[in-house]
K.L.:
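Sending over a structure as structure tokens; questions will come in a sec.
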Amino acid sequence: MRAVTIALYLAGVVQAHYHFPYLITGSGKDTVRWKHVRQVKNPDSNDFVSGGPTSPDIRCYQNGKKAETGTVAAGGTLGIGASQGVFHPGPIQFYMAKAPDGVDIANWDGAGNVWFKTYSEKPPASRLGETASWSSGNKQDFTFTVPKSTPSGDYLVRIEHIALHNTGKPQIYVACGQVKVTNGGSGTPGPLVAFPGVYAANDPGVVFNLYGGGQYKAPGPAVWTG
């Protein structure tokens, strides 16, 4: 009986993990995994970034396979969809990074202080430890509006989910899509940060105790709204 219980528990743990293989734009959602999103290193296990917030993998967790580039207009909808509902409590956040002019986005690694935040999920007012309290809880599709003043060009769009159910041991799920922003403006996105670099291992936003009370604040810079 104990063996059956353990097996069921482990099956639940695996099921509760996920990745983010589908790009979403105003034209719709990908129906093929990893078409416009760079395939992660663990496409079969659905696991999180094992090295934590300071690992080089925290940037895109990619395995080197090429992705295609989607298109989104400045002011339009952009996002990434999960392989299944997000089962853990914690915030969804989005960042974007513009490839230098003349650089092929498919070969660009997004290194350095090039990332600006475009969305950060607002934490619930209470019951932070319950998945259903978060707006991302049990959802699969996550989107934001690209600011209209975003300059045209090729970008990486990075989604992260910081799962905080195991206090002090965050599970961070990451993926990066490729998009060309059209009809852009002349804004100056920022603040610009680097992955790894922007999050410390002991950052309050990644080691927060959801069950101990207090107000949660997601890690990273302020959201750039244009």
Side-chain angles (χ1 to χ4, degrees), residues 9 12-20 22-24 26 29 46-49 52-54 58 61 75-96 115-150 157-177 189-193 195-226:
Y9 169 77
V13 168
V14 172
Q15 183 183 23
H17 291 174
Y18 32 85
H19 49 221
F20 296 93
Y22 304 109
L23 188 74
I24 302 170
K29 176 182 175 180
N46 292 0
D47 218 344
F48 49 90
V49 178
T54 61
I58 200 67
Y61 204 19
T77 297
L78 180 60
I80 296 180
S83 55
Q84 62 185 68
V86 167
F87 283 91
H88 295 312
I92 289 281
Q93 300 199 111
F94 278 98
Y95 290 80
M96 293 178 69
W115 296 90
F116 58 98
K117 188 185 287 187
T118 56
Y119 173 81
S120 183
E121 180 180 355
K122 182 180 179 180
S126 61
R127 300 180 182 274
L128 274 71
E130 299 180 14
T131 298
S133 297
W134 294 78
S135 61
S136 59
N138 301 311
K139 303 290 196 311
Q140 285 187 256
D141 295 346
F142 306 97
T143 62
F144 64 96
T145 299
V146 178
K148 288 186 69 65
S149 59
T150 303
V157 54
R158 176 185 177 276
I159 188 173
E160 68 178 18
H161 182 236
I162 305 174
L164 297 168
H165 57 291
N166 191 0
T167 302
K169 298 180 180 179
Q171 296 181 0
I172 305 178
Y173 300 83
V174 174
C176 290
L192 299 178
V193 298
F195 288 101
V198 65
Y199 302 160
N202 61 348
D203 194 305
V206 298
V207 298
F208 186 83
N209 182 359
L210 295 179
Y211 314 101
Q215 185 174 7
Y216 175 75
K217 183 179 184 298
V223 172
W224 184 70
T225 58

K.L.:
With side chains defined as the heavy atoms from C-beta onward, is the minimum distance between His88 and Tyr18 less than 4.5 Å?
P.N.:
yes
K.L.:
Taking C-beta and beyond as the side chain, do Phe48 and Ile172 meet within less than 4.5 Å on heavy atoms?
P.N.:
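No - every pair of side-chain heavy atoms lies 4.5 Å or more apart.
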K.L.:
Test of understanding: with salt bridge (Lys or Arg N to Asp or Glu O under 4.0 Å), list the residues that count as partners of Lys29, not counting sequence neighbours.
P.N.:
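If we apply the salt bridge (Lys or Arg N to Asp or Glu O under 4.0 Å) test to Lys29, skipping adjacent residues, the hits are Asp141.
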K.L.:
Can you list the residues that meet the side chain to side chain donor-acceptor pair (under 3.5 Å) rule with Thr143, with sequence neighbours excluded?
P.N.:
none
K.L.:
Kindly compute the distance separating OH (Tyr119) from CD (Gln93), expressed to the nearest 0.5 Å.
P.N.:
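Going from OH on Tyr119 over to CD on Gln93, the span is 9.0 Å.
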K.L.:
Short question: side chain of Tyr216, backbone of Gly205 - any donor-acceptor pair under 3.5 Å?
P.N.:
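Answer holds: yes.
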K.L.:
Which heavy atom of Ala175 sits nearest a heavy atom of Ile80, and at what distance?
P.N.:
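Where Ala175 meets Ile80 most closely, the heavy atoms are O-CD1, 4.3 Å.
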K.L.:
Can a donor-acceptor pair be found, under 3.5 Å and without considering hydrogens, that links the side chain of Glu121 to the backbone of Ser135?
P.N.:
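Side chain of Glu121 to backbone of Ser135, a donor-acceptor pair under 3.5 Å: yes, one is there.
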K.L.:
For the side chain of His161 and the backbone of Gly90, is there at least one donor-acceptor N/O pair under 3.5 Å apart?
P.N.:
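Answer holds: yes.
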K.L.:
Please name the pair of heavy atoms, one in Ala200 and one in Pro53, separated by the smallest distance, quoted to 0.1 Å.
P.N.:
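In this case the closest contact between Ala200 and Pro53 is O-CG, 3.9 Å.
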K.L.:
Strictly under 6.0 Å, is that where the ring centroids of Tyr95 and Phe195 end up?
P.N.:
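Yes: the rings meet the under 6.0 Å criterion.
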K.L.:
Quick one: does Pro219's side chain get under 4.5 Å of Phe208's, heavy atoms only?
P.N.:
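No - every pair of side-chain heavy atoms lies 4.5 Å or more apart.
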K.L.:
For residues Pro191 and Ala222, report the shortest heavy-atom separation together with the two atoms involved.
P.N.:
CD-O, 4.1 Å
K.L.:
OG1/Thr54 to CG/Asp203 distance, rounded to the nearest 0.5 angstrom?
P.N.:
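Nearest 0.5 Å value for the OG1-CG distance: 11.0 Å.
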K.L.:
Going by the rule salt bridge (Lys or Arg N to Asp or Glu O under 4.0 Å), which residues pair with Asp47 if we only count those two or more places apart in sequence or in a different chain?
P.N.:
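Expected list: none.
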K.L.:
To the closest 0.5 Å, what do you measure between CZ (Phe142) and CD1 (Ile24)?
P.N.:
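Taking CZ in Phe142 and CD1 in Ile24, the distance rounds to 8.5 Å.
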K.L.:
Is Tyr211 reaching over with its side chain to a backbone N or O of His165, donor-acceptor style, under 3.5 angstrom?
P.N.:
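Yes, Tyr211 side chain to His165 backbone: donor-acceptor pair under 3.5 Å.
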K.L.:
Which atoms form the tightest heavy-atom contact between Ala201 and Val206, and what is the distance?
P.N.:
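Shortest heavy-atom separation between Ala201 and Val206 comes out as O-CG2, 4.0 Å.
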K.L.:
In Å and rounded to the nearest 0.5 Å, what is the CD1 to CZ distance from Ile92 to Phe20?
P.N.:
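If we round to the nearest 0.5 Å, Ile92:CD1 and Phe20:CZ are 4.0 Å apart.
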K.L.:
Hey, could you give me the CD/CG distance between Gln215 and Leu128, rounded to the nearest 0.5 Å?
P.N.:
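Here the rounded value is 9.5 Å.
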K.L.:
Please answer whether the main-chain N or O of Pro124 pairs with a side-chain N or O of Trp134 as donor and acceptor at a distance below 3.5 Å.
P.N.:
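Side chain of Trp134 to backbone of Pro124: no pair is present.
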K.L.:
Quickly, which of Thr145, Thr118, Thr150, Val157 forms a side chain to side chain contact (heavy atoms under 4.5 Å, CB included) with Leu78? Name it, please.
P.N.:
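When side chain to side chain contact (heavy atoms under 4.5 Å, CB included) is applied between Leu78 and each of Thr145, Thr118, Thr150, Val157, only Val157 qualifies.
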K.L.:
Does Ser83 use its side chain to pair, donor to acceptor, with the backbone of His19 at less than 3.5 Å?
P.N.:
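A pair under 3.5 Å: yes.
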K.L.:
Is the number of heavy atoms from other residues, nucleotides or ligands under 6.0 Å of Lys139 NZ greater than 12?
P.N.:
yes
K.L.:
Nearest 0.5 Å, please: how far is CD in Glu160 from OH in Tyr173?
P.N.:
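These two atoms lie 13.0 Å from each other.
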